[in-house]
Structures are given as structure tokens and as C-alpha cells.
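Inspection log for the structure reproduced underneath, given as C-alpha cells.
Reckoned from all heavy atoms, side chains included, excluding hydrogens, waters and symmetry mates. Ligands are counted one by one from 1 in listed order, and the atoms in each one are counted from 1 as well.
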Amino acid sequence: MVQGAMREAECVLLGGGGRMVKLQYWQEFKRAMSYMKPRAWTYGIGIVGNNVIAALGLNILMAFIYKDIVNAAVGSDMPLLLRSIGTAFALLAVSSLLCTILTYRYNASIRYTMTDIRQQTFRHVQRLPMSRFENTHSGEMLSRMTNDLNTIEHLYADSLGGIIYAVVVGFAAAIAMFALNWPIALFAIALGILTFYVNTRFADSFRKINDEIQRGTGKMTQALSDVISGVPLVKMFSLGGVIIRKYDQTNEDVAGLSTKRTRKYAYLDSVNSVLGSLSFVGIVIVGGAMALKKGTDFGTVMAFIKLQGNIGFMFSQAGNLATDVQRVLAGANRVFELLDDPVEREGSERSLLGDEKKAIELDGAVFRYGEGAPALDRLSLAVERGQTVALVGPSGGGKSTVVKLLLGFYPIESGSVKYWGRSGQSYSLSEVRDMIAYVPQEAYLFDGTIEENIRYGNMDASREAIIAAAKAANAHEFIQEQPDGYLTAIGERGSRLSGGQKQRIAIARAFLKNAPILLLDEPTSALDAESEKQVQDALRMLAKGRTVILVAHRLSTVEHADRIYVIDRGQSVEEGRHEELIRKQGLYERLYRLQLKDAAG
Ligand SMILES: Nc1ncnc2c1ncn2[C@@H]1O[C@H](COP(=O)(O)OP(=O)(O)OP(=O)(O)O)[C@@H](O)[C@H]1O
């Protein structure tokens, strides 16, 4: 029967215009069902059994019992009346019990399968390259992982069940009608076909409205995500009004579309009611006339009225189900698009750290974010084991891009990146990231306790090791002053801590990671003088015995670096120690002089 339902879905999907799109949806349908494979039997038996029993037991067989009850009443046949009522109750009880058991069984399969899909999606999203997150609004990504993903559940639970029920109840009613009285059956089916025709005329416009509503809902999620993540900015610039207007506009658009859809549904409902009443009146007239001429009995007419409702249901639901299946498969399609997005490369698994003197080497590296000018244009630099190298230069020159490339966030277009003398390609991305501790401009902390956030540096670390890392990062004291010490919950993104405190927790995390390479992307740029000193001290401790690349704006912080690269327009335009670069009187000297003047001013 599932096969039958699939064929039905295929017919439904292949009907009408937009053949390519609909064929694609057929692929989505097969793919959605493939996730159910491990539980195919439980789900198949559950959903088919439940709907077949509901259709046959509670509707078709019941029609025959009605027939006996009416005939018994008309003929004053008491034993038949009692027997029929008893059978009706027994049928009701058995069908309801079986339906409850089967519903429970197939719903459990749906829960487990949805858990699998959610886990797979979550894991996949984690492995997507950085560029995917930069080019996609987080709200859209969330919408795919929530709203769209839920449509797959709707497909398993409601759409398929609806199709099976409508097909079984409709065909069984047709067969039963022909068995009872074929001329009335022909009449009822002709009306059913008319109902089907009217309903399918509406299906396309419903699909269009549903697509627009889905897009609007996505935009609303994006607006919400913007507001929530940008609360400080919204408050600071009093943007509340602008944001509210933007949100209201989308909200009103969606509400307008929903109203339009409701109006159309109401219109279709009334057309269906008229057609239903016409069928009812027609059957009563035709059947009643036949009964009076002894062509049939009143019980049969009564059974016909009930069966006709079932046929009408199948034909009227056909349009709705087609729209519904299209809507859910469009949602499933958006989830599968996400799942098909290529993930970061895995690379080979090899042992870390060769004996090379050169910890990091970029040779003629070219990289661009999208189309257009390269962010790095044949950039070369080398960092020896244990050295501290600074990257400085004008804003937008490409310093942070170098850091992101070293972390393996993007692949380079040409040239090479080497770690310990070996091509970056010969490492897996997790190996590359294992050998680097990265402290960005603003520490990213997760919602949770301080201890948890430090432990992300090394999940196997003991409590003592965490405290030692915090001490080394100048963080132990302020952590102890927190209400629950290391177990203090710090809020989303560490919102209950100051910038300097967050940064010191990030440094403690980096201590715990104990990686040989340290990438610092202006970790003190957002701090006041007092916090900066504490963080600088912590960083000095952290840098000991490691290879460090430091991105800096304030040139006073890099005077002691072993080597300084001045990066401008994606190229290394000057390199050397501080004194050498000052003597050279080039870009570095100019920037340094400007900053001195600013400081004096
Ligand atoms: N995610 C991105 N997508 C597209 N372009 C980007 C992206 N990140 C940076 N760029 C562009 O790449 C160039 C180099 O940026 P990068 O952030 O590396 O400069 P920077 O030297 O670190 O600047 P700053 O000192 O201001 O932090 C800039 O032109 C910037 O606009």
C-alpha cells in the first residue's frame, strides 16, 4: 500500500505544469523515504494498517451496518437491530484499539527517524566550510534546520497517512457501491469526478501562496535573528523603530497571504459543501425513487449516503493532498540542498609536527573570497619554530585573512601553505586545527559555566589542569570572585562577563589546548588599559615556547617581535625587525609615526 501511495504521489506530482520541478520533488520523496529504511516494516505496517483500518472498519463496514440497522428499523426486525448495534460497537472498539496501537508504533518510527535526520543535519552543518556561513544568513540556515526539517515529519506523519486513507476509503467505497447498486454508484462517482476537477483547479494557486508564505516566514526568522544577535546595536542607535517596521512589513505580508489562503480555502470548502449536498440530494432522490419502486431498499440508500461521503472525501482531498505534498517536499528539498552542500576536506591522517625549523610557510599564496580582486595576492611569509611574527598594515590589507587561511577556513587558489615543512594538504583539517591555538579579537564563549568554556581547549583535562590554565591566564582570581566560582553560568556568548574577563578565559582555553602554534588576532584591541595589561601579561606567558603569529594594529605592541610583515592589498610589502623597518622609512615607518603622533595628541 505504501507503494500504491507512492505511485499516487507520483501521479499527483506529475500532473499539471512545471514538470521538471515536480520530477525533482519525486526524487525528494524517494530520498525522504530512504531515511525510513531501517524502520520500514514498523512504519509501513503502522501507517498503512492504521489508515486501512480507519477507512475500512470505521467507514466502509460501518456503512453496511447502517444498512442493516435502517432495514431492521423499517421492517421492525428487533433481533437484526440488536445484532447490528452490537456489531457496530464491537467494530468500533476493535478498530479504535488497533488504530491506537498502530499509531503509537508508526509515530515511534517517525520520532527515531527524525532524530537521525536532525543529528545528520547538525553534524553536516558543523562540517560546512566557513564560506557557507559567510554567504548565508544565519536565519535562513536556522529556518532550513527547523521549519523545513519539520516538513519531513509532516510528510511521514500526515501527508502519507492522508493519501493512504483517502485512496483506501475512496476505492473501497466505490467497490462497495458497485456491489450494492451500480446505477447509483455511477451517479455518485460522476459527482466525485466533478469534485476532483474543481479541487485540482485550486491546487496550483494554493501551492503558489504556500511557497510565498514559506519565503515570508524565512524572512521573519532572519529579521528575528538579526534583532536578537544585534540587540546592543539596535539599542545604541535607537534602531528599534526601523527594525520593528521591517519586521512588521514582512509579518503583514505573511498575514495578508495567510488571509488570502484562508479565503480561498473557505471558497473551496463552500464549493465542496454544495457539491456534497448535491450528491446527497441526488442519491436520496435517485435511491428513494428506486426504493419506492422496490428497485432497492431504504437501508441500501442509507449505506449509499455514507459511502458517497467517502468517495466525495477522496476526490475533494486529492487537490489538498497534492498541494500539501508539494509544500512539504519543497521544504524537504531545502533540507537536502543543505545536506548536499560540500563539507570541508578531510585530508590524510598523519602524525603531527615534523622536525622542520620552519613552523609555517606561505609561498605565493593567492586567495579571493568570491569574484573580484584577490584578498591575498601572491603573499609569501615564513615563521620559524619558536619565533613571534607580527602582521601589521592598513585596514583591509589581508592580515586576518592570513590567519583564517592558516586555520584552514578556506582553501587557497594557488601557491602553497606549509606547516613544519609539509604541505597543508597532507594534513587533515582537524590535525591542522589541533596544532593551533587561536585567540580572536573578541573571545567566543558558549552558554554554560566558566569551567566548561575553559575545558573546550581539552575535553580530557582534569579540574586541576583547568585551574592551572586559569591561573596562567590571570583569570583565577576573578573566577573565584564569581558567585559560583568555576561553575558560574556566564550567559549566551559570555554576556555576564567583561571583555577582558572573556578574553582571559579564552586564553586559559588556549593554555589548556597546549598547541605549538599560537594565532593572535588583535586580542587586546577591544580592551581598556587595565584589562589590556592583564591580558598582555597572560599572552606573554602563553607565547613562551610557542610559535606565534600576531595580528596587530598598534605598532607599539609588536616592537619586540622577531619579524614583522607589513601586509598591504594582499601582499607583503615590507619585512624585518622593528628597527630595520623604521630605518627603511617605508610604509611601516609612516604608520608608526602617525600612531605616535595620535598618541601624543
Ligand atoms: N568574509 C569575507 N567575504 C568577503 N570579503 C572579505 C571577507 N573578509 C574579508 N574580506 C575582504 O578581504 C580583504 C582583507 O580583509 P582582512 O579582514 O583580511 O583585512 P585586515 O588586514 O585583517 O583588516 P583589519 O585590519 O581592518 O582587520 C578586505 O578587502 C575585506 O573587505
Checklist entry - Are the side chain of Asp363 and the backbone N or O of Gly415 linked by a donor-acceptor pair below 3.5 Å? => result no
Next on the checklist: Among all protein heavy atoms in this structure, tell me which lies nearest to atom 14 (C) of ligand 1, with the distance rounded to 0.1 Å.
Outcome noted: Gly396 O, 3.3 Å
Next on the checklist: Tell me if a side-chain donor or acceptor on Glu140 pairs with a main-chain N or O of His137 at a distance below 3.5 Å.
Outcome noted: no
Item to check | Closest heavy-atom pair and its distance - Ile209, Arg261 | outcome: CG2-CB, 3.8 Å
Checklist entry - Considering distance alone, does some N or O of Ala375 sit under 3.5 Å from an N or O of ligand 1? => result no
Item to check | Met130 touching ligand 1 at heavy-atom level, < 4.0 angstrom | outcome: no
Checklist outcome for this item: A student checking ligand 1 against Gly397 at a 4.0 Å heavy-atom cut-off should list atoms 19 (O), 20 (P), 21 (O)
Checklist entry - What protein heavy atom sits nearest atom 26 (O) of ligand 1, and how far away is it? => result Ser395 OG, 2.6 Å
Checklist entry - What do you think, any protein heavy atom under 4.0 angstrom from atom 31 (O) of ligand 1? => result no
Checklist entry - So, for Ile436 and Lys513, which heavy atoms are closest and what is the spacing to 0.1 Å? => result O-NZ, 2.7 Å
Item to check | Top protein contact for atom 17 (O) of ligand 1, by heavy-atom distance | outcome: Ser400 CB, 3.7 Å
Checklist entry - Has ligand 1 got any nitrogen or oxygen that is less than 3.5 angstrom from a nitrogen or oxygen of Glu134? => result yes
Next on the checklist: Can you classify the ring geometry of Tyr592 versus Tyr588 as parallel (below 30°), tilted (30 to 60°) or perpendicular (above 60°)?
Outcome noted: parallel
Item to check | Residue, atom name and distance, where the atom is the protein heavy atom closest to atom 12 (O) of ligand 1 | outcome: Tyr369 CE1, 3.3 Å
Checklist entry - Would you call the rings of Phe367 and Tyr369 parallel, tilted or perpendicular if under 30° counts as parallel and over 60° as perpendicular? => result perpendicular
Next on the checklist: Do His124 and Asp341 pair up side chain to side chain, a donor and an acceptor below 3.5 Å, judged on atom types alone?
Outcome noted: no
Item to check | Residue and atom name of the nearest protein heavy atom (relative to atom 16 (P) of ligand 1), distance in Å to one decimal | outcome: Thr401 OG1, 3.5 Å
Item to check | Under 3.5 Å: donor-acceptor pair, side chain of Lys399, backbone of Gly393 | outcome: yes
Item to check | Any N or O of Gln441 closer than 3.5 Å to N or O of ligand 1 | outcome: no
